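Below: the structure, in structure tokens.
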Protein chains: 2
Amino acid sequence: MRGAVDPFPVSVEDIRAAAFRLHGAAVRTPLLEFSDLNQRTGGRVFIKPENLQVSGSFKFRGARNRISQLTESERRAGIVAWSSGNHAQGIAIAARLAGVNAAIVMPSDAPQIKIERTRAQEAEIVFYDRYTEDREAIGAKLAEERGAVLVPSYDDVHIIAGQGTAGLEIAEDLSVLGLRPDVLLCCCGGGGLIAGSALALRAFFPDVAVWAVEPEGFDDTARSLAAGERLQNDPSAKTICDALMAPTPGHMTFEINRAVLAGGLAVSDDETRAAIRYAATELKLVAEPGGAVALAAALTGKLELAGKTAVVVISGGNIDPELLAEILTF
Amino acid sequence: MRGAVDPFPVSVEDIRAAAFRLHGAAVRTPLLEFSDLNQRTGGRVFIKPENLQVSGSFKFRGARNRISQLTESERRAGIVAWSSGNHAQGIAIAARLAGVNAAIVMPSDAPQIKIERTRAQEAEIVFYDRYTEDREAIGAKLAEERGAVLVPSYDDVHIIAGQGTAGLEIAEDLSVLGLRPDVLLCCCGGGGLIAGSALALRAFFPDVAVWAVEPEGFDDTARSLAAGERLQNDPSAKTICDALMAPTPGHMTFEINRAVLAGGLAVSDDETRAAIRYAATELKLVAEPGGAVALAAALTGKLELAGKTAVVVISGGNIDPELLAEILTF
């Protein structure tokens, strides 16, 4: 399906091939429906709970897809990745399962739970300062020194195809239900999950409106889509959504997203906290801040969902228990 | 399937009929698998997450099945039920959906979240003291005064058949996966969920060992199974598992359970707290105390699961946010 009919670096066939590689290793997360969420929004709203995925977020999908395609000599040399935490865990687990050594560059202020879980998977961790150092440079240098393969967290064909399997599953499950989605709400950091998922979902449902949801201060994709070019976030911006702090849209992901997304929405940290509380008390699902922004957009009516069929991705659930407790008792 | 070949008051055909009545109203909860849980137990352990069910617990199944069979005159007279909270919510939602008035007898110390949710469904609540008053007598008197139909929480053919649809779904999903379960671990209060689910699951897999899990001090079913007769709990016993405080096995449920269960296991409140914490941090699922006892039994190795295929029911997730927060930061 590449070439004239498909101008993107990632094709739906790439995503189907990734789904084949993930089969039996990744969780085929269900589509969940909740009467309270339908009542509140006036629509028919499904949750895609990627917090139930291996590693606690969708990131295992891309990591597994990339690592399962390493050559024998690449496997021996090992891999290097950088990540605020979820890509780290996805890579660490996928690498361990494949018997490949992984070194992971993580910010020193990453949530403790993400650091511990990455370490528990026997990955080597190299810390950096999120506000003063360049993780890409550190990762590239490390990979060069070791002759290791660098596995980016979003700007990579295999990673985008792997994350897109989430969208493929959504499309398949809606098809079985005989439903046509009007809207997909999905978080956006570097943009790999939404790019791949939008490609897969639009192959089934060309008219679906796919919206990126970002934290306020990190709405680089929303602004870039509006401007038609890649814009940066203010480097001093802060958010509780540690998973969505990419400084700018990816090259490859933005090339896809500018063509397939309807636009971008931003939610405040308080709206995200309320969504985490709602997920725990009403949906009985534990969502991390970055995993809850799309739900926050749905709950706050950033997009009118009344009368619509919508899918909301909860992308991960790796939240420190102390933060979850604080949000529950706020 | 009744009669000579099926000595029980509830048949598998009753459960299949209930599944038909629940279709489109109840959530068909998925079977979930988690690599960490498999590693920890050494088995292949699936979770049946009834915390994702309408009303936040499996209780909607039985309530819906019973209420959808009311005659027109019964519908007009309304229904009466008693419940520590989850049956109340299941009844209240099912009654509201069916346009039937419901009065519910609840203990005055029921979790606030369960009282609020029951009230939010427009049900009338009548409080009683769990330690000094007899809820069955209060409910029966109320029903008589009003000419209303009493809907018991477990000792009822329709309720047991409704709850059994959870087991039917487990059996269907395992069949699709080509798997044969060795063990089902399920909580047991009055015994309706486990009785119905065991009947359904054993119709597919006659050799499956179904174990009841109860809180220490409320192990009436475990002791009754061992003794061969219905025994009481010490009326002064206490537990955080508010959903599992039935004083003695039900007449009808015990008649079934003594024939189909492998036995009973008891877990301490601390083991249950650890299971709630594990569910939130590792499985990203919010479980209430009574909903987490079967998981507690699996995690603490009360039953050897190494090399086995097992299903663990998380029966509900209606926990006060303050209690969940306390358990998360313990």
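Predicted model only: the values in this text are computed from it and were never measured. Order of the sequence lines fixes the chain letters, A, B, ..., with proteins taken first and strands second; residue numbering starts at 1 for each chain.
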Task: Which of B/A280, B/G316, B/A279 touches chain A most, by non-hydrogen pairs under 4.5 Å - done: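 Option with the greatest count: B/A280.
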Task: Options B/L285, B/D320, B/T329, ranked by heavy-atom pairs under 4.5 Å with chain A, top entry - done: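 Option with the greatest count: B/L285.
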- [ ] For chain B, find its close neighbours in residues 51-63 of chain A: heavy-atom separation under 4.5 Å, sorted by number, or none.
- [x]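 Answer by number: A/N51, A/L52, A/V54, A/G56.
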TODO: Heavy atoms only: give me the nearest B/L328-A/P321 pair and the separation to one decimal.
DONE: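 Nearest pair, atom of B/L328 first, then A/P321: O-CB, 3.6 Å.
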Task: Side chain / backbone / both / neither for A/Q121 at chain B, heavy atoms under 4.5 Å - done: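 Answer is neither: A/Q121 stays 4.5 Å or more from chain B.
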- [ ] Measure distances from A/R117 to the heavy atoms of chain B and classify the residue's part below 4.5 Å as side chain, backbone, both or neither.
- [x]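 Side chain of A/R117 only, per the 4.5 Å heavy-atom cut-off to chain B.
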- [ ] Can you tell me which residue pairs pass the salt bridge (Lys or Arg N to Asp or Glu O under 4.0 Å) test with a partner in residues 305-319 of chain B, sequence neighbours excluded?
- [x]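 Residue pairs passing salt bridge (Lys or Arg N to Asp or Glu O under 4.0 Å), neighbours aside: none found.
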Task: Heavy-atom proximity to chain A below 4.5 Å, by part of B/T281 - done: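 It is both, since atoms from each part get that close.
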Task: Contact class of B/L32 relative to chain A, heavy atoms under 4.5 angstrom - done: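 Contact with chain A is through the side chain of B/L32 alone.
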Open item on the list: For A/N38, I'd like to know if atom CG has over 12 heavy atoms of other residues, nucleotides or ligands within 6.0 Å.
Closed with: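 Enclosed: over 12 neighbouring heavy atoms sit under 6.0 Å from CG of A/N38.
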- [ ] Verify the neighbour count for atom CG of A/N101: are there more than 12 heavy atoms of other residues, nucleotides or ligands below 6.0 Å?
- [x]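 Counting neighbours around CG of A/N101, 12 or fewer heavy atoms of other residues, nucleotides or ligands fall under 6.0 Å, so no.
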Open item on the list: Among residues at least two apart in sequence or on other chains, which ones pass salt bridge (Lys or Arg N to Asp or Glu O under 4.0 Å) with A/E326?
Closed with: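 None.
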Task: Contacts with chain A made by residues 19-31 of chain B (heavy-atom distance under 4.5 Å), listed by residue number - done: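 Counting heavy atoms that sit under 4.5 Å from chain A, the residues of residues 19-31 of chain B involved are B/V27, B/P30.
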Task: Max heavy-atom pair count under 4.5 Å with chain B, selected residue of A/I319, A/N318, A/D36 - done: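 Among the listed options, the one with the most contacts to chain B is A/N318.
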